[in-house]
Peer 1: 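First the structure, then my questions, so here it is.
Note that the structure is predicted; figures quoted are calculated from it, not measured. Position 1 is the first residue of the sequence, and the numbers go up from there.
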Amino acid sequence: MSVFTIEGCHPLSGSVAIQGAKNSVLPILCATLLSPETCVIHNCPRLTDVEHTLDILRHLGCQVTWEGDTVTVGPSKLTCCSIPDTLMREMRSSVIFLGAMLARLGQAELSYPGGCELGPRPIDLHLSALQSLGAEVREAGGRLFCAGRLTGADIALSLPSVGCTENAMLSAVAAEGVTTITNAAREPEIVDLQNFLLTLGADVRGAGSSVITIRGGKTLHGGEYTVMADRIVACTYLSAVASAGGEGNLRGVDWRLLSTVTSVLTEAGCRVESTPDTISIIAPRRLRGVRPIRTAPYPGFPTDAQAVVMAALCKTDGATVFVENMFDSRYRHVDELKRMGADIRTDGRVAVVYGVPRLYGAKVRSTDLRGGAALAVAALGAEGESTLTGLGHIDRGYADLAGDLAALGAKIVRKEEK
Ligand code: UD1
């Protein structure tokens, strides 16, 4: 079993390069299926979620190599159009294969995706978007069967789901005619996916706004692409410095994508400065509580940053209210933060963090990906030693959390324990 040992309350000082974005690389790897020609993807972070995605690509018949941070996918001969339950269970984003397989093969068979740690995560919008394009969707024995000749259509989303927007984009690329997705998700990772599709020769416009237009049916070719930096990993490291105190410099990340989080940290008393591709933060000894933080689709405050920012605000002078609007069950880290001495009360979607003068090192366990990272952030601001288990969750989204925090000056080591 792997364990982080973290010695807290040492102000940080250091610099770290931000890894490639998990939420970009996963749909981009699915999209490599769209053309039979080879795609070369750079800046792929070493994540278990990426490994699982590559396992699915191999299962479908792709040639896959991964050297350094570059993945090469050769999807010339697909030998299969179904994904077994064991591979689907590993992560939620495997549902994006639905759109990619329909586009390339005209059919797809898979089971409901895994990753329900945040409460119920339905895929009704994904399925109805594909049906709008002409796919027939059937369910039997827990498996989904989708098939059909796709034609461009208007897809109006009832909410701006990230995954559904991606699924609709990938299938629409193969649909003859024009597809318009309205109320599309506006996340930067959608823009990254559009940019990748453009390198393959697709005609996709509007990503980053609420209306995305795709002129489908073009013959695509292979391409080479570099994945954007992970804004949530950057938020985690800013929160780490805010929690421990001291200063840190993040390289290779666009500050404009983090402005909702940096404005909260500034309000809490940190000094944040940016150049076009670096962000530096200086944190005081004690932060203050801030105005209510409400999670929302981009460009609002990201739900994925809620836990790490909450961890940084446990020791504030004053209280902070959080309202989680995106997922039903996203306060599972709170009980673990309380083990370190945090005073947090939750009621449904609301959590109130009453700042305490100090946190104490404790034995804590990751409850989910960002919740686990939040415990590391809190431990950096806690007196004494903490041990953090359940690192499997963290490895899904952080290529080297311990190494990166150590580069920022944290006293953290990863150990194998029996
Ligand atoms: C993506 C991100 C995840 C992030 C989330 C919200 C990836 C791989 N994951 O997840 O890190 O936390 O966006 O920013 O990119 N919903 C439905 N029906 C559907 C689809 C979604 O009701 O068919 C609901 C969900 O339950 C949720 C909300 O829509 O309440 C937003 O979910 P969505 O944007 O789809 O999140 P994901 O794409 O799963």
Side-chain angles (χ1 to χ4, degrees), residues 8 115-121 159 231-244 258-270 283 286-382 386 388 390 393-394 397:
C116 55
E117 70 215 13
L118 311 178
R121 294 177 78 173
L159 57 88
R231 63 196 169 96
I232 304 302
V233 169
C235 291
T236 305
Y237 298 164
L238 292 174
S239 301
V241 178
S243 173
L258 311 182
S259 60
T260 45
V261 171
T262 53
S263 65
V264 164
L265 296 176
T266 305
E267 190 186 340
C270 298
R286 191 165 190 203
L287 302 176
R288 43 180 187 265
V290 297
R291 281 171 291 185
I293 295 171
R294 297 182 174 83
T295 65
Y298 191 84
F301 190 95
T303 175
D304 289 349
Q306 175 253 106
V308 293
V309 171
M310 180 183 288
L313 296 182
C314 285
K315 287 194 309 175
T316 48
D317 182 5
T320 301
V321 173
F322 285 80
V323 184
E324 172 54 58
N325 292 310
M326 301 300 292
F327 293 105
D328 288 343
S329 178
R330 210 162 194 184
Y331 288 136
R332 290 171 61 186
H333 49 282
V334 164
D335 282 343
E336 298 297 301
L337 291 173
K338 285 182 180 170
R339 295 166 78 96
M340 295 180 173
D343 182 1
I344 305 172
R345 314 211 189 138
T346 57
D347 183 5
R349 292 182 174 275
V350 177
V352 185
V353 179
Y354 296 94
V356 291
R358 50 187 64 84
L359 296 177
Y360 301 96
K363 290 189 173 168
V364 287
R365 183 170 179 76
S366 302
T367 51
D368 58 82
L369 165 56
R370 304 303 169 189
L375 299 177
V377 167
L380 292 174
S386 295
L388 173 54
H393 290 294
I394 292 175

Peer 1: Does the side chain of L337 come within less than 4.5 Å of L375's, by heavy atoms?
Peer 2: yes
Peer 1: Which salt bridge (charged side-chain N to carboxylate O under 4.0 Å, His left out) pairs, counting each pair once, include a residue from residues 286-298, with sequence neighbours left out?
Peer 2: E267-R291
Peer 1: Quick check: closest heavy atoms across V261 and C235, and the distance to 0.1 Å?
Peer 2: CG2-SG, 3.7 Å
Peer 1: Do the side chains of V334 and M310 get nearer than 4.5 Å, heavy atoms only?
Peer 2: yes
Peer 1: If you define the side chain from C-beta out and look only at heavy atoms, does anything of P302 sit under 4.5 Å from T260?
Peer 2: yes
Peer 1: Quick one: does any side-chain atom of D368 pair with a main-chain N or O of G371 as donor and acceptor, under 3.5 Å?
Peer 2: yes
Peer 1: Say you draw a straight line from OG of S263 to CG of L258; how long is it, rounded to the nearest 0.5 Å?
Peer 2: 10.5 Å
Peer 1: Let me have the donor-acceptor pairs involving side chains of residues 353-361, under 3.5 Å, with sequence neighbours excluded, atom names and distances please.
Peer 2:
{"residue": "R358", "atom": "NE", "partner": "E383", "partner atom": "OE2", "Å": "3.1"}

Peer 1: CG/D335 to CZ/R365 distance, rounded to the nearest 0.5 angstrom?
Peer 2: 14.5 Å
Peer 1: Taking all heavy atoms of A242 and all of L287, pick out the closest pair and write down the distance.
Peer 2: O-CD1, 3.6 Å
Peer 1: Atom OH in Y298, atom CZ in R231: separation rounded to 0.5 Å?
Peer 2: 6.5 Å
Peer 1: For the pair T295 (side chain) and N325 (backbone), establish whether a donor and an acceptor sit closer than 3.5 Å, ignoring hydrogens and angles.
Peer 2: yes
Peer 1: Does any N or O in the side chain of S386 come within less than 3.5 Å of the main-chain N or O of A362, such that one atom is a donor and the other an acceptor?
Peer 2: yes
Peer 1: Under 3.5 Å, is there a donor-acceptor pair between the side chain of T236 and the main chain of I232?
Peer 2: yes
Peer 1: With sequence neighbours left out, write down each residue that passes side-chain contact (heavy atoms from CB on, under 4.5 Å) with A283, or none if nothing qualifies.
Peer 2: V241, C270
Peer 1: Identify the heavy atoms of M340 and A378 that sit nearest to each other, and give their distance.
Peer 2: SD-CB, 3.7 Å
Peer 1: With heavy-atom distances below 4.5 Å as the criterion, would you say the side chains of H333 and R370 are in contact?
Peer 2: no
Peer 1: For residues L313 and F322, determine if any side-chain heavy atom of one lies less than 4.5 Å from a side-chain heavy atom of the other.
Peer 2: yes
Peer 1: Which heavy atom in G372 sits nearest to a heavy atom in S366, and how many Å separate them?
Peer 2: CA-OG, 3.4 Å
Peer 1: Does the side chain of I394 come within less than 4.5 Å of L388's, by heavy atoms?
Peer 2: yes
Peer 1: Is a side-chain donor or acceptor of R349 paired with a backbone partner of E324 at a separation under 3.5 angstrom?
Peer 2: yes
Peer 1: If you look at every heavy atom in T316 and G289, which pair is closest and at what distance?
Peer 2: CB-N, 3.5 Å
Peer 1: Could you check if a side-chain atom of D304 sits within less than 4.5 angstrom of a side-chain atom of R330, using non-hydrogen atoms only?
Peer 2: yes
Peer 1: What pair of heavy atoms forms the shortest contact from V264 to V290, and how long is it?
Peer 2: O-CG1, 3.6 Å
Peer 1: Could you check whether any side-chain heavy atom of F301 comes within less than 4.5 Å of a side-chain heavy atom of V309, counting everything from C-beta outward?
Peer 2: yes
